Amino acid sequence: MKKISIKMIAILIVGRFLLIEAKAQNSNEKMNVVFILVDDLGWSDVGFNNPNTFYETKNLDQLAKEGTIFTNAYAACPVCSPTRASIMTGKYPARLATTDYFGAYQPEENNRNTPLLPASYEEKLPLEEITIAEHLKSFGYKTFFAGKWHLGPEGYWPEDQGFDINKGGITRGGPYGGNKYFSPYGNPRLSDGPEGEHLPSRLADETVKFIKANKDQQFFAYLSFYSVHTPLIGRPDLVNKYKNKAKTVDSKLVRFLPEGKREARQVQDHAVYAAMVEAMDLAVGKVLTALDELKLNDKTIVIFMSDNGGLSTSEGSPTSNLPLRAGKGWLYEGGIREPMIIKWPQFSNKPKLNHTPVISTDFYPTILEMCNLPLNNKQHLDGVSLVPLLKGESDLERKAIFWHYPHYGNQGGSPGAAIRYENLKFIDFFGDKPDELYDLENDIGEKNNLIKIFPDKANELKNKLSEWQKSVKARFPATNKNFDPTKKVYF
């Protein structure tokens, strides 16, 4: 507790000086922020990206009409904890060494027959990092967290990282206690509701309760759904609805095609997953309705994002990310490109679509600038404010964004790293797997590997990727001396 107290004192002192500076620079009223994060929701799972989606997301689609849709929005990692850390800190996972989901194998624990040993990684978000919640709190914001945290053990939970209130944020990466998605929850940071209460709805209710209690002051509400992560469990009424709807999907369609050593789902018709998506959307609707009823729409920024791609190659393979390739756990677009909306009331008349590549590290500086607060450049080193895009002024000067995933994904993905530079994407697979190069403007599905056609461009991007990896002191996998190629290979 001593370390945390000293940290908070330092933050408050710095915040006081920055607040004085902010008032001198800008007299505009500070905005409220509602940040909504969904777990494992795919880019193609929402109507505003995919009009033909099997799922129904009417509340998100309405939000998209009122905000800006980022069509080339990316998570900083194809799995959850690293992306969540990037949102909290404005730093790439490779810089923090938080490159795998917390609880994954460390190299010394690896008992899988793989050519490489995955790199070691840090299993908690360091307390020394000044999170976006801590920064906003230093400017007088009331801060609230509900749902999935998955950024470290007790002592590193939301209340230790700048949130005044924590409803459900613990070590676990899924609703694995109690009755899972239904009360009783078995969650030490979320009291049980009536038997059968549904978790997404409860988390939305807690968020609305917080907003109502703080409607007369600035607040930061972070609603981080456990949905639509496994276990695949839906509300019975919604499951029945989509079972009937699934009967209308052409039974002759090819439902799975090979992806590496796995198979990737090609058709959206999973009734339980669809029920989970709609329940999440209905919960989002509760929060948006509350903002409207409390007349807070003009004072509140709403941000929506997913932490990685949809689950298409493992653990039930409940969704298809087409036209994107693969899904969660892969460095292909299906694993890292996400649905994203930012609603900023002051610029609601600006373009509704933006095609500039953006990434989850960008939220930190973007929120600060939208709230008329000074940036904290020493903290959000890898983020760029998206305010110019939201104002419709210009593209970003940044040309490249990066990924570094030196692990074997549970979903079949291989260790590697990637760079997107303008419309080109280069993937450097570690070990013996060949590198790949794609033109995403003309090949969003990453079907045509251009590595042999443009070897010079591939080498240029590989060098840029290598330079970035050195700058963030990225960790790499090592050769697995116990690997036996005559036995079944895991990945």
Side-chain angles (χ1 to χ4, degrees), residues 38-62 64-65 69 71-72 78 181 200 227-282 284-285 306 308-330 332-340 353 409 411-413 438 440-449:
V38 185
D39 196 4
D40 291 1
L41 186 73
W43 184 87
S44 298
D45 290 346
V46 292
F48 63 84
N49 278 343
N50 177 16
N52 298 316
T53 183
F54 179 70
Y55 320 122
E56 297 177 21
T57 56
K58 64 177 183 179
N59 292 296
L60 290 174
D61 297 343
Q62 180 59 41
K65 292 177 182 178
I69 302 169
T71 61
N72 285 276
Y181 274 106
S227 308
V228 290
H229 194 283
T230 56
L232 299 174
I233 303 172
R235 263 176 40 188
D237 60 321
L238 293 177
V239 173
N240 288 333
K241 168 185 173 178
Y242 285 100
K243 281 183 178 179
N244 290 326
K245 187 175 182 178
K247 295 175 183 177
T248 67
V249 179
D250 188 349
S251 62
K252 296 180 181 179
L253 293 173
V254 176
R255 275 162 168 71
F256 289 89
L257 287 175
E259 183 62 75
K261 294 183 180 296
R262 304 291 178 98
E263 289 188 327
R265 179 179 282 273
Q266 305 295 300
V267 179
Q268 293 182 343
D269 63 352
H270 194 293
V272 175
Y273 185 81
M276 296 175 74
V277 172
E278 183 171 351
M280 174 275 298
D281 180 78
L282 292 171
V284 170
S306 176
N308 51 247
L311 189 58
S312 68
T313 61
S314 182
E315 300 157 63
S317 304
T319 196
S320 168
N321 297 305
L322 290 180
L324 308 184
R325 182 175 177 181
K328 177 181 179 179
W330 300 72
Y332 295 121
E333 294 293 284
I336 53 177
R337 193 184 291 214
E338 312 303 331
M340 176 177 157
L353 284 176
Q411 299 76 25
Y438 298 100
L440 295 179
E441 183 174 20
N442 298 301
D443 181 23
I444 193 174
E446 296 169 290
K447 297 178 180 178
N448 302 307
N449 185 2

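When a residue number appears, it is its place in the shown sequence, counting from 1. Computed from a prediction, not measured in an experiment: that's the story for all the values here.
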Ignoring hydrogens and angles, tell me if any N or O in the side chain of [X] forms a donor-acceptor pair with the backbone of [Y] under 3.5 Å.
| X | Y | result |
| --- | --- | --- |
| Thr53 | Gly47 | no |
| Glu278 | Thr57 | no |
| Asp443 | Tyr438 | no |
| Glu333 | Ile444 | no |
| Asp61 | Phe48 | yes |
| Thr230 | Leu232 | no |
| Trp43 | Thr71 | yes |

| remark: Tyr181 meets the ring-ring contact (aromatic ring centres under 6.0 Å, His included) criterion, sequence neighbours left out, with none
| No-hydrogen, no-angle side-chain donor-acceptor test under 3.5 Å, Glu263 and Ser317 | no
| query | Can a donor-acceptor pair be found between the side chains of Glu259 and Tyr332 at a distance below 3.5 Å? | reply | no
With a 4.5 Å limit on heavy-atom distance, are the side chains of [X] and [Y] in contact?
| X | Y | value |
| --- | --- | --- |
| Val272 | Pro318 | no |
| Val267 | Ser320 | no |
| Leu440 | Glu446 | yes |
| Arg337 | Asn321 | no |

For [X], all residues meeting salt bridge (Lys or Arg N to Asp or Glu O under 4.0 Å), sequence neighbours excluded:
| X | value |
| --- | --- |
| Arg235 | Asp237 |
| Glu56 | Lys241, Lys245 |
| Asp281 | none |
| Lys58 | none |

Kindly give the heavy-atom pair with the smallest separation between [X] and [Y], and that separation in Å.
| X | Y | answer |
| --- | --- | --- |
| Met280 | Ser227 | CB-CB, 4.3 Å |
| Val277 | Asp45 | CG1-O, 4.3 Å |
| Ser251 | Arg255 | O-NH1, 3.5 Å |
| Ser314 | Leu311 | O-CG, 3.3 Å |
| Gly445 | Arg325 | O-CB, 3.4 Å |
| Ala271 | Val239 | CB-O, 3.9 Å |

To the nearest 0.5 Å, what is the distance between [atom1] ([X]) and [atom2] ([Y])?
| X | Y | atom1 | atom2 | answer |
| --- | --- | --- | --- | --- |
| Asp269 | Leu253 | CG | CG | 8.5 Å |
| Asn308 | Asp39 | CG | CG | 6.0 Å |
| Asp40 | Met276 | CG | CE | 9.0 Å |
| Leu41 | Leu60 | CG | CG | 7.5 Å |
| Asn59 | Gln62 | CG | CD | 8.5 Å |

| task | Could you walk me through whether His270 and Thr319 pass the side-chain contact (heavy atoms from CB on, under 4.5 Å) test, one step at a time? | result | CA-CA 7 Å; His270 194 293; Thr319 196; over 6 Å; no
| Strictly under 6.0 Å, is that where the ring centroids of Phe54 and Tyr273 end up? | no
| said: Applying side-chain hydrogen bond (donor to acceptor under 3.5 Å, both in side chains), can you list everything that pairs with Thr313, at least two apart in sequence or on another chain? | reply: Trp330
